[in-house]
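Here the structure comes first, spelled out in structure tokens, and everything after it is commentary.
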Amino acid sequence: MGLTAILFAASCEEQVEHTAGAIRDRDSVAVMTSLGVNTLISDSGVIKYRIVTERWEVNQKKNPSRWIFDKGLFLTQFDEKFHIHAYIQCDTAYYFDQQHLWELRSRVRILTKDGLKFRSEQLFWDEMKHELYSNVYSSLITPERTLQGTYFRSDEKMTRYFVSNSKGSFERGDIDGTSDTPDSARVAQDSIQKAQRQLATPVRTPSN
């Protein structure tokens, strides 16, 4: 899934000699840095999500090129009808634009419109494969169950997910075998009917 191209113009300046030493590490030079960002991101005219961040750096000198959000990121995800689907928050984020891959780090929090809550210290979002995954301890809470494990994988909308090396509390049907969901795979396909009142409140990072 491609993102809207970011266009920007560089202003011309007269060259001044002997004002500063040459920068040797080209990877350290940001192509664009924006402060206090609140913007919508679209693809083919369809709004995909809103980005709110204190600092947004676009660096195409690094290999691979990336967007850097080192002052925190709050992202609102929309569905095809521009309805809010989920809130996503983390302390640091990287977007590798050529791979269409997000890497979210440190206090990653997700709250979906169906009341599903996700917490981890690292989460990858592959926009090409439309999936989320994490290889570190993660916690997932729905109105029906709580799952915790060291490996997490989900579809992009977090309606079908998998947790391995898991522990937690489950519905009785998950334990006695009457559930349609395979116990060995711990695949959950929730169809939650009620939107939680928390939907009106963005995900908040717990105080230290």
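For the single chain, residues carry numbers from 1 onward in sequence order. The shown structure was predicted, so the numbers you read here are calculated from the model rather than taken from an experiment.
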- Task: Check the pair Asn38, Arg50 against side-chain contact (heavy atoms from CB on, under 4.5 Å), reporting the backbone distance first and the verdict last.
- Result: CA-CA 7 Å; Asn38 185 340; Arg50 179 190 298 275; 3.0 Å; yes

- Are side-chain N/O atoms of Glu121 and Tyr137 paired as donor and acceptor at under 3.5 Å? no

- Query: Do you know the tightest heavy-atom contact between Gln60 and Val31?
  - Reply: N-CG2, 3.4 Å

- Task: Rounded to the nearest 0.5 Å, what's the gap from CG on Asp91 to CZ on Arg109? Could you check?
- Result: 8.5 Å

- Message: Are Phe118 and Phe152 an aromatic pair, judged by ring center distance below 6.0 Å?
- Response: yes

- Task: Working to the nearest 0.5 Å, report the span between CD1 of Ile51 and CD1 of Ile41.
- Result: 4.5 Å

- Within the distance-only criterion (no hydrogens, no angle test), does the side chain of Thr142 pair as donor or acceptor with the backbone N or O of Arg145 below 3.5 angstrom? yes

- Do Trp102 and Phe69 have ring centres separated by under 6.0 Å? yes

- Asp155 and Arg160 ion-paired at < 4.0 Å: no

- Message: So that I know where these two stand, are Trp125 and Tyr49 an aromatic pair - ring centroids less than 6.0 Å apart?
- Response: yes

- Message: What's the separation between atom NE2 in His85 and atom CD in Glu80, rounded to the nearest 0.5 Å?
- Response: 9.5 Å

- Item | Reported OG-to-CZ distance for the pair Ser138 and Arg153, which is rounded to 0.5 angstrom | 12.0 Å

- Atom of Gln99, atom of Pro64 and distance for their closest heavy-atom approach: NE2-CB, 3.6 Å

- Set of residues satisfying side chain to side chain donor-acceptor pair (under 3.5 Å) with respect to Asp70, sequence neighbours excluded: Arg55

- Kindly assign one of parallel, tilted or perpendicular to the pair Tyr95 and Trp67, based on the angle between their ring planes and the thresholds 30° and 60°. tilted

- Item | Those residues that, when tested against Arg66, pass salt bridge (Lys or Arg N to Asp or Glu O under 4.0 Å) (two or more places apart) | none

- Note on the structure: Output for pair (Ile88 CD1, Ile110 CD1), nearest 0.5 Å, gives 4.5 Å

- Gap separating the CD1 atom of Ile68 from the OG1 atom of Thr53, nearest 0.5 angstrom: 11.5 Å

